[in-house]
Novice: 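The following block contains the structure, expressed as structure tokens.
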Number of protein chains: 2
Amino acid sequence: MRPSRRDELVSQALKIFYKNGFTATGMDFLVKETGISKTSMYKYFRSKDELILAVLRLRDEQFRNWFFRRAEELSSEPEDEVLAFFDVLKEWFEGEGFQGCMFIKAVAEFQQPDDPIYQQSLQHKKLIEGELFKKIQKTGVGAPESLTQQLMLLMEGAIVLAQMGVSARAAEDARDAARILLASALSATGDKD
Amino acid sequence: MRPSRRDELVSQALKIFYKNGFTATGMDFLVKETGISKTSMYKYFRSKDELILAVLRLRDEQFRNWFFRRAEELSSEPEDEVLAFFDVLKEWFEGEGFQGCMFIKAVAEFQQPDDPIYQQSLQHKKLIEGELFKKIQKTGVGAPESLTQQLMLLMEGAIVLAQMGVSARAAEDARDAARILLASALSATGDKD
DNA sequence: GACAAAATGTACCGATCTGTACACTATCAT
DNA sequence: ATGATAGTGTACAGATCGGTACATTTTGTC
């Protein structure tokens, strides 16, 4: 099954929105860059917002697949994998064209909580959190919820600081912190055993 | 000295941009909301971007003043103050109209690193980092740079997760993590003494 | 009251925005 | 070859965008 013209539009729009922003990118610009006629675009999607939603769906799927698959490749034991998340973050930050998290940026432009774009961005973070939680559970730590939240904080913080160029070592610093927090959580577990 | 019409514009534009976003807010909308004529606006500022820069300057000053002053109020000893930052974050998150960090959102809409709006947002984070570093130094911890970066990660992560509504306890979770990281850094210092 | 400064209202510019109408062409299975 | 399907190009509507021109009114000061 060759990629449909529709899928082509979504994947190209993803790159353009990611680089230029959602509101700042007009439909005419998408036409010029993708070579796909506006008539076709509006046959695939009823509105620009629906195109954005499709882009976010694709991004969510692509990112989660890549992120967790890559973390598994870089590790063997559960505890390694939890820390490997931060190595994957580092790869992401240093990869070509890194411009921050698309969902954080989407929320910055579509701020109303009842906006479907906002909701879908929130859902993405919830899915990440869910997968992270499962991995942390496997380490046998006593309070997986708490550690999950702490590592989520480090990950999101690293994304923001890396995007803004505040810190060039955001992923490494986050990994260092995660190691300490993981050790602390594990030793607290041990105390109770 | 009563507040000039210009200052009024900046402070009102701040609220509106914060709520609605920068690009999504048109100058005509600012006219309608503030009652200040567009002619006057363009006499105070040469362009919308310059108005945005003035808004960001005001926000930077207001926020840093409030944040660090409030942290001092809530604490007595240096170690308390470092943790008090997260109590202040909590107050911010739970305050009326909290909608995330204006500078993170600014960077999401003005992504080019050579854009003055981007640069000013980056500078804001650097100033926060600098003040945090000074406070951490006062605790006598051995590696203040490292702890500063770690706490920055927690703070930025908390802001993002609180804004997106991913976590309702972002500030508390960040405080818990900060306490562990601070203790870890202090004990490492003690080892070397 | 006179005069300058500050602010206003209104109307507009050209460009761009999302979205649509309509006629046309390429593709492909039957 | 025919006819359905998918896609294109162009032109446009109506609104809004950032920004300006110009004449007018308000305000504060001497």
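First the proteins, then the strands, lettered A, B, ... as listed; each starts at 1.
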Novice: Quick check on side chain to side chain donor-acceptor pair (under 3.5 Å): which of A:Lys19, A:Lys105, A:Gln163 does B:Gln111 satisfy it with?
Specialist: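 For B:Gln111, the side chain to side chain donor-acceptor pair (under 3.5 Å) check succeeds only for A:Lys105.
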Novice: Can you tell me which residue among B:Ile52, B:Ile117, B:Ile16 is in a side chain to side chain contact (heavy atoms under 4.5 Å, CB included) with B:Phe22?
Specialist: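 So the option named by the test is B:Ile52.
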Novice: Taking any heavy-atom pair under 4.0 Å as a contact, classify A:Thr25: base, sugar-phosphate, or nothing.
Specialist: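 Contact class for A:Thr25: sugar-phosphate only.
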Novice: Taking atom types as they are modelled, is there a donor-acceptor pair under 3.5 Å from the base of C:dA7 to the side chain of B:Lys43?
Specialist: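 Yes.
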Novice: Could you please name the option among C:dT8, C:dG19, D:dG18 that lies closest to any side-chain atom of B:Lys48?
Specialist: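 Among C:dT8, C:dG19, D:dG18, the one nearest the side chain of B:Lys48 is D:dG18.
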Novice: After noting the C-alpha distance and the side-chain angles of A:Glu172 and A:Arg175, does the key distance pass the salt bridge (charged side-chain N to carboxylate O under 4.0 Å, His left out) rule?
Specialist: CA-CA 5 Å; A:Glu172 290 91 331; A:Arg175 192 188 202 278; over 6 Å; no
Novice: Expressed as a whole number of angstroms, how long is the span from B:Leu9:CG to C:dT8:C1'?
Specialist: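 Rounded to the whole Å, the gap is 14 Å.
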Novice: Separation of B:Tyr42 atom OH from C:dA7 atom P, in whole Å?
Specialist: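 Spelled out: OH on B:Tyr42 to P on C:dA7 is 17 Å.
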Novice: Please evaluate residues A:Asp60 and A:Arg64 with respect to the criterion salt bridge (charged side-chain N to carboxylate O under 4.0 Å, His left out), reporting the C-alpha separation (whole Å), side-chain torsions for both, the decisive distance (0.1 Å), and the verdict.
Specialist: CA-CA 6 Å; A:Asp60 171 59; A:Arg64 293 210 333 274; 2.6 Å; yes
Novice: Let's see if you can work this out: which of D:dG9, C:dT18, D:dG7 has an atom nearest to the side-chain heavy atoms of A:Thr39?
Specialist: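 My answer, after comparing the listed nucleotides, is D:dG9.
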Novice: So, OP1 or OP2 of C:dG9: does either fall under 4.0 Å of a side-chain N or O from B:Ser37?
Specialist: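 The answer is no; no side-chain N or O of B:Ser37 sits under 4.0 Å from OP1 or OP2.
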Novice: Starting at CG of B:Leu51 and ending at P of D:dG18, how long is that distance when rounded to a whole Å?
Specialist: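 Distance check: B:Leu51 CG to D:dG18 P gives 11 Å.
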Novice: In whole angstroms, how far is the P atom of D:dC17 from the CD1 atom of B:Ile52?
Specialist: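 Rounding to the nearest Å, CD1 of B:Ile52 and P of D:dC17 are 13 Å apart.
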Novice: What is the distance, to the nearest angstrom, from the CG atom on A:Asp28 to the C1' atom on D:dT10?
Specialist: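 After rounding, the reported distance stands at 12 Å.
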Novice: A:Lys38 side chain: which of D:dT20, D:dT10, C:dG19 is closest?
Specialist: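 Taking heavy atoms from C-beta onward, the closest nucleotide is C:dG19.
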Novice: Output yes when at least one side-chain N/O atom of B:Arg46 is less than 4.0 Å from OP1 or OP2 of D:dG18, else no.
Specialist: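 Checking B:Arg46 against D:dG18: no side-chain N or O falls below 4.0 Å of OP1 or OP2.
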Novice: What is the distance from CD of B:Glu8 to C1' of C:dA6, rounded to the nearest Å?
Specialist: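 Rounded to whole Å, this separation is 14 Å.
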Novice: Can you measure A:Tyr44 atom OH to C:dG19 atom P for me and round it to whole angstrom units?
Specialist: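 Distance, rounded to whole Å: 17 Å.
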Novice: So, A:Phe93 versus A:Phe98, ring centres under 6.0 angstrom or not?
Specialist: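 Ring-ring flag for A:Phe93/A:Phe98: true, centres closer than 6.0 Å.
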Novice: Rounded to the nearest Å, what distance is computed from the CZ atom of residue B:Arg6 to the C1' atom of nucleotide C:dA7?
Specialist: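 Rounded to whole Å, this separation is 15 Å.
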Novice: Quick one: on DNA chain C, does B:Ile36 or A:Gly26 contact a more 5' nucleotide (nearest heavy atom)?
Specialist: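 Closer to the 5' end of DNA chain C: B:Ile36.
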